[in-house]
Amino acid sequence: MNQRSDDSTRDRRARGLEIMRRVHGGDDAGDGSAAAGVGRGEGSGDFFGMTVEHLFGEVWSREGLSMRDRRLLLLGLLVGQGMDDLVEIQLDAALRTGELTPDELREIVVFLTHYAGWPRGSRLNTQVEELIARVMRA
């Protein structure tokens, strides 16, 4: 049984909100994107509560994989599914948190292109290069 199974809802929610901020780029997004709102924990209702408390408070906070490992897995899945908006959020958060360097992002492009296909790889390359250029200008 997970050691966190006895956590209070308040503890899971606080932990979940913190991890959600890290995963989505949190308050640092500053670009008016949906990620900025999600990162601040804006939302209500059962779906939002379940997302914060279960997905982030329990699943993302489990031992066994680092945040970086989880982000790499998520990026592979998102690229493979063609979910470009979410890819952009994850790339940005990974670069700004230092989990992935520009060179590592470029290597991800090369690797995933061979599994996700050239069109998706080309789109990913554009996203990565635009992100790196934007961060370098800032």
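Just so it is clear, the model here is predicted, and its values are computed rather than measured.
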Let me confirm one number: the [atom1]-[atom2] distance from [X] to [Y], rounded to the nearest 0.5 Å.
{"X": "Phe48", "Y": "Met20", "atom1": "CZ", "atom2": "CE", "answer": "4.5 Å"}
{"X": "Leu55", "Y": "Met50", "atom1": "CG", "atom2": "CE", "answer": "10.5 Å"}
{"X": "Met67", "Y": "Leu74", "atom1": "CE", "atom2": "CG", "answer": "11.0 Å"}
{"X": "Arg62", "Y": "Arg70", "atom1": "CZ", "atom2": "CZ", "answer": "7.5 Å"}
{"X": "Leu72", "Y": "Leu112", "atom1": "CG", "atom2": "CG", "answer": "9.0 Å"}
{"X": "Leu131", "Y": "Thr126", "atom1": "CG", "atom2": "OG1", "answer": "12.5 Å"}

Mind checking whether [X] and [Y] sit in one hydrophobic cluster, side chains of I, L, V, M, F, W, Y counted as touching below 4.5 Å?
{"X": "Val52", "Y": "Val59", "answer": "yes"}
{"X": "Leu100", "Y": "Met136", "answer": "yes"}
{"X": "Met83", "Y": "Leu75", "answer": "yes"}
{"X": "Leu77", "Y": "Val79", "answer": "yes"}

Any donor-acceptor N/O pair, Asn125 side chain to Ser122 backbone, under 3.5 Å:
no
Donor-acceptor pair, side chain of Glu104 and main chain of Thr101, under 3.5 angstrom
yes
Report the residues that fulfil side-chain hydrogen bond (donor to acceptor under 3.5 Å, both in side chains) with [X], sequence neighbours left out, ordered by chain and then residue number.
{"X": "Glu129", "result": "Arg106"}
{"X": "Arg71", "result": "Gln90, Glu99"}
{"X": "Thr51", "result": "none"}

Audit row: Gln81, Leu86, side-chain contact (heavy atoms from CB on, under 4.5 Å) steps and yes/no
CA-CA 10 Å; Gln81 294 292 316; Leu86 296 175; over 6 Å; no
Any salt bridge between Glu18 and Arg13, counting N to O under 4.0 Å?
no
Ignoring hydrogens and geometry beyond distance, is a side-chain donor-acceptor pair present between Ser8 and Asp11 at under 3.5 Å?
yes
Other ILVMFWY residues reachable from Leu65 by side-chain steps of under 4.5 Å
Leu73
Heavy atoms, side chains only, cut-off 4.5 Å: are Val23 and Trp60 in contact?
yes
Any side-chain heavy atom of Glu53 sitting closer than 4.5 Å to one from Glu58?
no
List the atom of Thr113, the atom of Gly121, and the distance in Å for their closest heavy-atom pair.
OG1-CA, 3.1 Å
Looking at Gly57 and Arg15, what are the two nearest heavy atoms and their distance?
O-NE, 2.6 Å
Checking Gln127 now: which residues fulfil side chain to side chain contact (heavy atoms under 4.5 Å, CB included) with it, not counting sequence neighbours?
Asp84, Val87, Glu88, Leu91, Arg123, Leu124
Considering only residues two or more places apart or on different chains, which pairs with a residue in residues 112-138 satisfy ring pair (Phe, Tyr, Trp, His ring centres under 6.0 Å)?
Phe111-Tyr115
